[in-house]
Every structure is written in C-alpha cells, then in structure tokens.
Amino acid sequence: MIIERLSPLGQRRWQNFKSNRRGWWSLWIFLILFVLTLGAEFISNDKPIVAKFDGELYWPVFKSYPETAFGGDFDTEADYRDEFVQELINEKGWMIWPPIRYSYDTINLVSPVPAPAPPFWLAEPAEGMDNWLGTDDKGRDVLARVIYGFRISVLFGLTLTLFSSIIGIAAGAVQGFLGGWVDLLAQRFMEIWSGLPMLYLLIILASIVEPNFWWLLGLMLLFSWMSLVGVVRAEVLRARNFDYVRAASALGVQRWTVLRRHVLPNAMVATLTFLPFILNSSITTLTSLDFLGFGMPPGSASLGELLSQGKNNLQAPWLGISGFVVLALMLSLLIFIGEAARDAFDPRKAIA
C-alpha cells in the first residue's frame, strides 16, 4: 500500500485528507471523469474505433484511410458516416463504433429538426434524432462537445497551473529569501503588475493575434503566476529564521543550497493547498474568454462557447443548461478537493 510507504507525517496528512469525505469522493469523481475524457475519441467519434475489411484490420481513430482502401472511388479520407462507405465495409468485414457516433465538430446533416435541435428524448422519434443532449446552433452534437470541452478545460488548467506554480514558487522564494532591495523592488513591481486590468489586456491581446491553446496559455501565464508569490514569500520569510536554517548558514552551507533543502520544503506545504483553487481559477478564466469570443479558435470544443450559444438561443435551453451543469460540477469538485487538501496540511487538525 502507498500509505504504508509514507512517513508518519505523510500518513497523518493522508488520513486527514480521507477524513474529509466530500473532498475524498470529489477527488475520485474528478479523476474518473478526467480519465474518461482523456479517451474521448473512444467514447465520442464519427469514426469507428476499429474496422476489419477484406481480412485486414484498420484503426480509423489513430490513422486516416482513403475511401479507396475500402473499395471506394475517391482518394480523400473515408467518411464512415456515409451509408455507401458503411455498405462497402460491411460487405467484406465489420466495424466497432464508439457509444456516441459524433465528434465535437461533426454536424448532423440528417436531423429532421432545424438546428439547434432538442435532445432526442424531448422530441418525437424520427430518423436522425440520435443526439442525446441535442445539437447546437450549427448542428453539432452537444454531448460530444461537452466531453471534449471538459478535457480541454482541465488540460489547459493543469498546464497553466503547473507553469504558474513553477514561476510563482521561484519568484516568491527568491524574493523572501534574499530580502532587502530585492524584496522591496519585487514588491513594487508586483503592486504595479497586479493593478493592470488582466481580463481587458487578455481580450485586447487575444483580438490582435489568432488564438490557440499555447498562445492563450502564454497570455494567461503573464498574470497567473502572481497568485502564489505572496504565499511563498511569506512562508520563506518565516522559515529562513528557523534555528536549523541559521545553523546551516553559520556552517558555511551555500545560500542556494539552504534555500533548496531547508527553506523551500517548508514553503511548499502551504503552496500545495492553493493548487486546486489556482486550477479552478484557470478554468474559469478560459471559460470567460471563450464566452466572450476571445478564447480558443472557432469550432473548438469549449464550455464557454456553449454557454454563449445558450445565451444567444434562449429557445434552446439545453445548450446553456448542459454547459452550466458540466462547468458547475467541475468547479465544485475542485473546490471540495482544495478544502480537503487544506485540511490535510493543517497542523492543528487531529488524525482522523
């Protein structure tokens, strides 16, 4: 067991985390949802997972095949939703489809109801009405966009949280450990930089260049790293006056070695409790930009864009409700996990 390999302090923190039942179950639910969406192509896709034709196996999820590979006439990629292509494959083989036969950008061209079409269980059964949560105003499957949107939101938030934490921890540690003029100048810079209207600057910059995942990540990284600097600085200022830190310095241990081995580990305890909330904030900011139209490129699976469609199509409440429920669930789980992590690292909390 992993818990048996932890130190007594680690075991206490782990038990404290588990004692918060809401946070413990939130962690499991979030991990299950995230792992499932990592394999979104196997859950929701307009291509079969595997196909067998003329004795050979094909993997359309991983590789594009021309229609001629299945006996068709065109060298372009096969459209597996085309009845002609399906008949060609079924004559000499078979296909295994994902549970949802739509990708995030697949348009339902055979829907009998104009887009945005309601969920199939809200409308009279008809040919082509197989969208579990309906379609958006462009005819794309809402459930597929929710699945892919969940994945891209969490991946974006995790990546931004990782890079922000590295920069924020490094800046706060140097600022608090060196002190003096370094701390003074850094504090003045932080006051000026944090006073800038972040959202407005992001909107202006995102409107100048063509947005994409990495460009948005870089823009938001300009400001997101500041959230940890104050916490790390305060912890380093406290830890650098400990007796064992002073003793290490008196024995001639290099300054950066003292910081890395003795001071920074103490600062990390408080820092770890903030990470779920930073992840929450990163996802919220991306959703806000997508809602305003300055986020991910048009056509990308986005919860913010789904909320925007719900605002513009009040006659189709399933759009806004779907985006709101998924976003609220995701952010609530992260908040509950953060609360449990805070309890786990609270030195005043007794062992559960």
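Just so you know, these numbers use all the heavy atoms, side chains as well, and skip hydrogens, waters and symmetry mates.
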Closest heavy-atom pair, Phe34 versus Leu155, reported as atoms and distance to 0.1 Å, is CZ-CD2, 3.7 Å
Heavy-atom pair with the smallest gap, counting every atom of Val113 and Pro118: CG1-CD, 3.8 Å
Which pair of non-hydrogen atoms, one from Leu279 and one from Thr161, has the smallest distance, and what is that distance? CA-OG1, 3.3 Å
Not counting sequence neighbours, which residues clear ring pair (Phe, Tyr, Trp, His ring centres under 6.0 Å) with Phe84? List them please. none
Applying side-chain contact (heavy atoms from CB on, under 4.5 Å) to Asp141 and not counting sequence neighbours gives Ile100, Tyr102, Asn131, Leu143, Ala144
Is it true that atom CH2 of Trp28 has more than 12 heavy atoms of other residues, nucleotides or ligands lying nearer than 6.0 Å? no
Listed by chain and number, what are the ring pair (Phe, Tyr, Trp, His ring centres under 6.0 Å) partners of Phe324, not counting sequence neighbours? none
Which pair of non-hydrogen atoms, one from Thr68 and one from Asp73, has the smallest distance, and what is that distance? CG2-C, 4.0 Å
Out of curiosity, does Val326 fall in the hydrophobic cluster containing Leu158 (side-chain heavy atoms, cut-off under 4.5 Å, transitive links)? yes
Using salt bridge (Lys or Arg N to Asp or Glu O under 4.0 Å) as the criterion, list what pairs up with Arg233, not counting sequence neighbours. Asp183
Nearest heavy atoms of Leu160 and Ser164, plus distance in Å: O-OG, 2.6 Å
Listed by chain and number, what are the salt bridge (Lys or Arg N to Asp or Glu O under 4.0 Å) partners of Glu191, not counting sequence neighbours? Arg188
Please go through Trp181's hydrophobic cluster and name the other residues, only I, L, V, M, F, W, Y counting, with side-chain heavy atoms under 4.5 Å joining them. Leu184
Using the test side-chain contact (heavy atoms from CB on, under 4.5 Å), find all partners of Arg21 that sit at least two apart in sequence or belong to another chain. Trp24, Trp25
Contacts of type salt bridge (Lys or Arg N to Asp or Glu O under 4.0 Å), residue Asp136, not counting sequence neighbours: Arg140, Arg145
By the salt bridge (Lys or Arg N to Asp or Glu O under 4.0 Å) test, which pairs, at least two apart or in different chains, include something from residues 37-55? Glu41-Arg151, Lys47-Glu77
Is a donor on one side and an acceptor on the other found under 3.5 Å between the side chain of Gln309 and the backbone of Asp137? yes
Ring pair (Phe, Tyr, Trp, His ring centres under 6.0 Å) filter on Phe223, not counting sequence neighbours, yields Trp193
Just by modelled atom types, is the Pro297 backbone N or O under 3.5 Å from a matching donor or acceptor in the Ser300 side chain? yes
Identified ring pair (Phe, Tyr, Trp, His ring centres under 6.0 Å) partner of Phe42 from the options Trp59, Phe62, Trp97: Phe62
Not counting sequence neighbours, which residues clear ring pair (Phe, Tyr, Trp, His ring centres under 6.0 Å) with Phe74? List them please. none
Just wondering, more than 12 heavy atoms not from Lys92 lying within 6.0 Å of its NZ? no
Take Tyr58 and Phe70 through the ring pair (Phe, Tyr, Trp, His ring centres under 6.0 Å) test and state the conclusion after the steps. CA-CA 10 Å; Tyr58 296 85; Phe70 306 105; 5.0 Å; yes
Looking at Glu305, is its backbone amide N or carbonyl O close enough to the side chain of Ser302 to form a donor-acceptor pair, meaning the two atoms are under 3.5 Å apart? yes
Restricting to non-hydrogen atoms, name the atom on Ser153 and the atom on Ile283 that form the minimum distance, rounded to 0.1 Å. O-CG1, 3.5 Å
Could you see if Ile152 belongs to whatever hydrophobic cluster contains Trp214? Use Ile, Leu, Val, Met, Phe, Trp, Tyr and a side-chain cutoff under 4.5 Å. yes
Verify the ring-centre separation between Phe336 and Phe17: is it less than 6.0 angstrom? no
Residues in salt bridge (Lys or Arg N to Asp or Glu O under 4.0 Å) with Glu67, at least two apart? none
Give the cluster check for Leu289 versus Tyr148: same hydrophobic cluster or not, with ILVMFWY residues linked at side-chain heavy-atom distances below 4.5 Å. no
Joint cluster assignment, Ile29 & Leu31, ILVMFWY side-chain distance < 4.5 Å: yes
